[in-house]
A.B. asks: 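Before I ask anything, here is the structure I am working with.
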There are 2 protein chains.
Amino acid sequence: MGYGNVSERLRQPPQVGVSVVILALDPDSEHGRLWLPLVRRVRQPFLGCWALPGGDIRGDRTLAQSAYEALESTTDLHPSYLEQLHAFGGPDRSRGGLPMVSIVYWALVGEAEAGDFAERDNVRWFPESDLPSLDIAFDHREIIAYALARLRTRIEYPDIAARLVGPTFTLRQLHGVYEAVTGTVLDLPNFRRKMLASGEIEETGETLREGRHRPAAVYRYVPRRDAGERPYAYALTGDRLAELDARARSAAAAMSPGPGASSGDDALSALTTV
Amino acid sequence: MGYGNVSERLRQPPQVGVSVVILALDPDSEHGRLWLPLVRRVRQPFLGCWALPGGDIRGDRTLAQSAYEALESTTDLHPSYLEQLHAFGGPDRSRGGLPMVSIVYWALVGEAEAGDFAERDNVRWFPESDLPSLDIAFDHREIIAYALARLRTRIEYPDIAARLVGPTFTLRQLHGVYEAVTGTVLDLPNFRRKMLASGEIEETGETLREGRHRPAAVYRYVPRRDAGERPYAYALTGDRLAELDARARSAAAAMSPGPGASSGDDALSALTTV
DNA sequence: GCAAAAGTGTTTCCATTACACCCATGA
DNA sequence: TCATGGGTGTAATGGAAACACTTTTGC
């Protein structure tokens, strides 16, 4: 493919890719801080820098599918929430290469899952407040800040917090997530009432002992089928996500030689774009 | 450019473009309904159908600039608000051609400006509730619905309504906009207090006579510099928009032979993409 | 019994709602 | 002076915030 000099390249229509900001609760931190996985780049530009997991967009996939596949193949995680964040573009983000537009998604994964993740050389989790100081590729630092801001405003609903904490939880745990994410202090009794009144939370019948005191009731999140929670929400949750998951699995199976061997390191080899 | 058969084309990385949903108040309608301009396509696919104004993305422009230029060159309008809506993609929207991703913006223009617009063959304004029934290109009908839904949820702030109605307005006019957009009935006295309490509205000192009764005070919208109105807002307003406008003008001047002749029909020749 | 967290009750406060009312103006 | 919309006052409502309180458990 012959392209001209730099200024000619800049006038070309840009390439498109997807990236994903994957947010989870750090299970090692007692006070529930957020962390996220970054991938080390193995190509120029920004070789060796940390970048958001990403990949190409294929014409025969939806954008969400492309995002899911990028996420799943680099980190082996299965998000409980996936939503388009923003499309980023412009002259600042090309760095001498071809201009690039990234459609960025943000994803949430449950605490348990983020914990049982085995770290690899080219993927590492960083606490939200302790990102690498210099070597973050492109404008990914600002994109992360943007995703965190979105998370903080979206968390008014039980939904988001429940997806961060995992399938079941006590009200105190959920409360902790809210406090960690918003950085504020919330009255626990009022919080409890509000969550229960939302109708999106349901007792499992189990209880959880955690010290020499009264055990707490365990709840699960139940999306209300009220329909119109939020009038326009292109977020993927529940069944829609399972669908994407099934697709990703069958695609992986088709590419791998034997069954069950679909998560080799070749699939993990630093899928990153701008 | 040699591309293979259909299924091979579908696997190619998609092209990118911008489209804009331009919303305004229909000045002919007394009860303040919304309308928007669509452009007739002069190319396959969907030749002859109505489509959102759109254009290409250039690597040396920001996405918002590209959206502004698409909007300005097709309709000669100058929006008072411009914000990214969503990126649309996926296999459904290629129609046998190359796969296409559209980054869609939504824009607001003031009532006065939308009124003084001269209709042209290939651009026509349609009331929101009376879009062409069949011949809308691609998925643009759903995109319009999505933009309208966004407008309806965003309008809680004085901001959005003020930009629809124009630079100055009476509280009753503003009230009418709210009722038209939300489709609900609002108590006028309470509405008035709420707007004034927001601190984002300021008396101009003028009054407006409209019948054989007391004249109404005229107000203007004053964005509060409180900063954090909305925590992350990539919306363009005020100065930032003026900047885009200046850029678009100078670009147009550079392309046209004489001064002031920059809005010939060549610039209007149906810039539409998916 | 005692410590600690689970869970409940109650009061206060504030923003929204509903609606009655007065005011300014032109005909 | 009267019709009409501009503009103000105020009581009722409902939900969020603050915090005192009771209950259940392990040791």
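Letters A, B, ... mirror the listed sequences (proteins, then strands); counts begin at 1.
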A.B. asks: NE2 of B:His213 versus C1' of D:dT1: gap in Å, rounded?
C.D. replies: 18 Å

A.B. asks: Just the rounded figure in Å: distance from C1' of D:dA16 to CE of A:Met195.
C.D. replies: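 Spelled out: CE on A:Met195 to C1' on D:dA16 is 12 Å.
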
A.B. asks: Have a look at A:Arg192 and say if it touches a base, only the backbone sugar-phosphate, or nothing, with a 4.0 Å heavy-atom cut-off.
C.D. replies: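 Contact class for A:Arg192: base.
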
A.B. asks: Taking side chain as C-beta onward, heavy atoms only, is B:Ser80 less than 4.5 Å from B:Leu108?
C.D. replies: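 With C-beta onward as the side chain, the pair touches.
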
A.B. asks: Taking all heavy atoms of B:Val109 and all of B:Ala24, pick out the closest pair and write down the distance.
C.D. replies: CG2-CB, 3.4 Å

A.B. asks: So do A:Leu38 and A:Leu52 actually touch side chain to side chain, heavy atoms under 4.5 Å?
C.D. replies: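 With C-beta onward as the side chain, the pair touches.
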
A.B. asks: Base, sugar-phosphate or nothing for A:Arg193? Non-hydrogen atoms, less than 4.0 Å.
C.D. replies: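 Counting heavy atoms under 4.0 Å across all strands, the contact made by A:Arg193 includes a base.
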
A.B. asks: Check the distance between C:dA5's P and A:Phe191's CZ and give it to me in whole angstrom.
C.D. replies: 17 Å

A.B. asks: Grab the CG-P distance between A:Leu208 and C:dA5 for me, whole Å please.
C.D. replies: 14 Å

A.B. asks: In whole angstrom, what separates B:Leu186's CG from C:dA15's C1'?
C.D. replies: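 Nearest whole value for this atom pair: 16 Å.
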
A.B. asks: Using a heavy-atom cut-off of under 4.0 Å over every strand shown, decide if B:Pro215 touches base, sugar-phosphate, or nothing.
C.D. replies: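 Sugar-phosphate contact only.
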
A.B. asks: Report the residue (B:Gly211 or A:Ala217) whose heavy-atom-nearest nucleotide on DNA chain C is the more 5′ of the two.
C.D. replies: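 Mapping each residue to its closest nucleotide by heavy atoms, the 5'-most match is A:Ala217.
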
A.B. asks: For the rings on A:Phe88 and A:Phe138, is their centre-to-centre separation under 6.0 Å?
C.D. replies: no

A.B. asks: Going by an N to O cut-off under 4.0 Å, is there a salt bridge joining B:Glu83 and B:Arg163?
C.D. replies: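 The answer is no: the pair does not qualify as a salt bridge.
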
A.B. asks: Does D:dT4 have its OP1 or OP2 closer than 4.0 Å to a side-chain nitrogen or oxygen of B:Arg214?
C.D. replies: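 False: B:Arg214 side-chain N/O out of range (4.0 Å or more) of D:dT4 OP1/OP2.
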
A.B. asks: Output the rounded distance in Å from CG (B:Asp187) to P (D:dG6).
C.D. replies: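 After rounding, the reported distance stands at 13 Å.
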
A.B. asks: For the side chain of A:Arg209, starting at C-beta, report the closest nucleotide among D:dG26, C:dT16, C:dA20.
C.D. replies: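 Selected nucleotide (nearest to the side chain): D:dG26.
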
A.B. asks: Nearest heavy atom decides the nucleotide; on that basis, is B:Arg172 or B:Asn190 closer to the 5' end of DNA chain D?
C.D. replies: B:Arg172

A.B. asks: Separation of A:Leu196 atom CG from C:dG7 atom P, in whole Å?
C.D. replies: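 Nearest whole value for this atom pair: 9 Å.
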
A.B. asks: Just the rounded figure in Å: distance from P of D:dG6 to CD of B:Glu210.
C.D. replies: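 Value for this atom pair: 8 Å.
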
